[in-house]
Amino acid sequence: MNFLGLLRSQKSSNPDLDRTEHHNNSSFLPQGPTADDDEDEEVPRMISYPESGERDTLLATNTSASKNPDQSNYGGVSNGPKSILKPNGNSDPPPSPIPSPALSKVRRTSRRKESDASDNLRQSASGNSILSGFLRHETTPVLASDHLALPSGTPLLGSSKLAANALHNENDGTSGRMGIAALPSTNTLGTLGSVRTARTLKEIQDEFLEKVRTSFYEDAINFSEGTIPQSIVVACVIGCVCGTVAYAYYYVLDYFLELVWTELPSKWVVDVWPERWYVLWIPLVSFTLSICCGLSVYYLGEPGDLAYTIQCIHEKGYKGTHHILPMIAASQFTILAGASLGPEAPLVAICAATAGFISRSVFKQTNRNVVRKHTFMGMSGALAAFFGVPLGGSLFALEVASRFGVEYFEHLIESIFAGEVCVAVFRTLAGIPLEQIWRIAPTTFEETEPYMILLGGAIGLLGAGVSFLWANFHWRLMACFQALGLLDDENAYAVPRVLLGALGVVSIGMLVPQTMFWGEWEVGILATLSPASALPHVWPTTGLIGFEMDSCLNCLIVGFSKLVAISFTVAGGYRGGFIFPFFAAGAALGRALCFVFPTLSPVIATLCFAAGINVAITRTALATSLILSFLSGEQFALPAILAASIVSLFATGYVPFIKSQLARSDIDFSLYYQRNRHPKVPAPA
């Protein structure tokens with residue numbers, strides 16, 4: 001099968017081909033030649049490269065047009081016989097053929113198959129303006145080299161190894177007609193004429209950014225853009241800065257949590273108010289700080305959220321620094337108010353903006369994919385520092401940008417390295433070791449039975465079903481806020497909106513205090529059915545009715561109440577992350593399963609249920625499994641947790657919650673991207 005046939009089998013059968021978001025940038029689409037059936041061979045031409053001082057022999061292909069009258073003229077390009085057309089439409093006499101035995105004949109059957117493949121590809125691209133623009137040219141872009149076969153290491157525009165091998169075989173075979181060169185954007189296609197200027201392999205390589213260009217020493221001395229030495233230096237700088245920023249955020253948050261929920265009530269409430277009125281401290285503090293959250297959004301501006309950060313990553317490669325201060329203020333007030341969102345998403349947004357600023361201002365980077373890589377370094381560092389799981393946190397930052405797996409895979413290693421640096425800086429400053437924070441069972445697993453993997457997948461499916469129900473409830477709740485006119489783009493009603501959200505959060509929290517706060521430390525309490533008095537933040541821990549998790553029904557109440565509290569928190573315009581809140585809800589629902597099936601391990605039940613819910617919402621199967629396994633100290637539960645995560649990912653693959661998780665538009669340019677054509681980003685103002 002020739003290259004076009006392979007490409008057609010991969011591309012034209014893909015239902016996503018017509019989605020414009022997959023083709024926002026110039027895509028590599030080799031074009032097969034079409035020929036009349038009465039022609040026995042194709043004549044290779046010899047042209048000289050005008051920008052080179054040498055007279056290189058370059059291969060080019062000029063073919064005749066299709067017989068279809070509807071395709072007789074594309075963009076004013078003539079379909080005459082074999083001649084080389086200038087951009088103005090004038091033709092020069094055809095140059096002499098290359099006297100090469102290897103290129104003497106092309107079998108008619110091969111030409112017909114290739115023509116059929118080209119016609120099928122053209123039909124599959126109908127309705128897609130970009131693909132149609134590429135197919136208007138009846139010639140094949142060429143790569144000039146000293147040999148017909150592409151040498152190993154040729155920088156292809158695209159990451160498909162199958163396509164690369166097919167291209168290599170095509171050139172190494174009979175015709176040698178197929179080659180590659182960078183296709184321009186559609187707005188410049190009309191000015192190039194029907195024959196592209198060919199380039200040598202060296203000239204193409206010099207035009208591309210690669211992680212390894214010459215040697216480590218030379219790349220380090222030149223600080224070459226996108227290379228390993230540059231990535232190491234930038235990752236160290238971003239890791240240190242973001243680790244310090246995360247520590248400052250954590251220090252302020254921890255100080256005010258202790259002040260508001262421990263020191264102040266012990267001085268102003270205990271032995272001062274009647275004991276039956278202690279519970280009023282919850283609405284007093286929550287409503288006050290919720291109002292502060294709404295005012296910060298109103299006066300400081302829109303902080304953005306996780307979905308907005310992902311959108312910025314896709315579209316611009318960075319997030320603006322003007323969101324940092326609003327996010328700090330809004331998220332601090334959110335967490336202090338006891339709402340069901342945590343500091344993970346704010347840290348991601350803050351460190352993403354910080355890393356993008358460092359890339360563009362300190363290191364003067366303008367290539368969008370390079371800036372995006374540095375932004376991912378900041379996001380990975382933030383999550384690695386907060387979770388205390390370098391690999392899981394770094395993977396989370398890259399997985400959450402897409403709906404299915406890590407699409408920005410070329411940035412993975414550098415982001416993990418930045419996460420290692422950031423977690424070392426943050427944990428050193430905070431004096432916190434990387435350790436297990438939940439002990440669900442008296443003893444940890446020492447082995448995993450194979451049936452536990454199947455059991456984990458089944459529990460993950462239950463978690464996916466719960467998350468589906470929650471998502472539908474959440475969209476209906478958002479519709480209610482919209483009907484009340486509270487979801488305006490200018491945040492003019494930020495305070496009324498947050499007060500309505502606080503009404504739901506506080507009402508639930510007074511009845512079920514286990515639902516208060518983001519759940520990082522509450523997960524261990526819920527998973528072990530510990531008494532409410534062990535809750536670390538909320539005061540008073542008894543709530544209004546002294547609720548305890550001592551039955552299957554009460555576990556279900558805690559789990560679903562937590563999910564409702566998360567929805568009211570998000571709908572109310574609070575700012576924060578819902579990773580740990582979903583973990584807490586899953587832990588409670590997992591314990592409910594243990595009442596139904598007494599022989600079920602609490603470790604498997606709670607962790608797999610938590611994974612199933614979180615993965616269905618965030619689409620982070622690998623990172624969620626690693627984080628849950630590490631924080632619980634249950635490494636041998638990882639196979640079951642991973643099964644739950646993957647099953648949940650499959651089950652909810654068509655119902656994404658975070659709408660900005662889009663398929664990557666520049667996936668064909670993931671490994672190699674051009675200096676002069678890759679989108680640029682502006683320097684900070």
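This one's a predicted model, so the numbers in the text were calculated from it and none came from an experiment.
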Check your understanding: Does Trp261 reach the main-chain N or O of Leu336 with its side chain, forming a donor-acceptor pair under 3.5 Å?
Key -> yes
Check your understanding: Taking atom types as modelled, is there a side-chain donor on Thr375 or Lys319 under 3.5 Å from an acceptor on the other?
Key -> no
Check your understanding: Is there a donor-acceptor pair under 3.5 Å between the side chain of His314 and the backbone N or O of Ala401?
Key -> yes
Practice item. Walk me through it: do Tyr249 and Ser331 pass the test side chain to side chain donor-acceptor pair (under 3.5 Å)? Key: CA-CA 10 Å; Tyr249 185 96; Ser331 62; 2.7 Å; yes
Check your understanding: How would you list all residue pairs meeting salt bridge (charged side-chain N to carboxylate O under 4.0 Å, His left out) that involve residues 259-269, not counting sequence neighbours?
Key -> none
Check your understanding: What pair of heavy atoms forms the shortest contact from Ala339 to Thr569, and how long is it?
Key -> CB-CG2, 3.5 Å
Point to revise | Phe578 and Trp518 aromatic centres sub-6.0 Å | key: no
Point to revise | Gap between atom CD1 of Ile335 and atom CG of Leu289 - 0.5 Å precision | key: 11.5 Å
Study note, to complete from the structure: salt bridge (charged side-chain N to carboxylate O under 4.0 Å, His left out) pairs touching residues 288-303, sequence neighbours excluded, are Glu302-Arg575
**Study point:** Partner set under ring-ring contact (aromatic ring centres under 6.0 Å, His included) for Phe333, not counting sequence neighbours
**Key:** none
Exercise for review: Spell out, as yes or no, whether a donor-acceptor pair under 3.5 Å connects the side chain of Ser286 to the backbone of Ala337.
Suggested key: yes
Review point. If every non-hydrogen atom of Ala611 is compared with every non-hydrogen atom of Thr624, which pair is closest and at what distance?
Key: CA-CG2, 3.9 Å
Review point. Are the aromatic ring centres of Phe387 and Phe580 under 6.0 angstrom apart?
Key: yes
Exercise for review: Could you pull out the closest heavy-atom pair between Thr618 and Gln661, with the gap in Å?
Suggested key: O-NE2, 3.0 Å
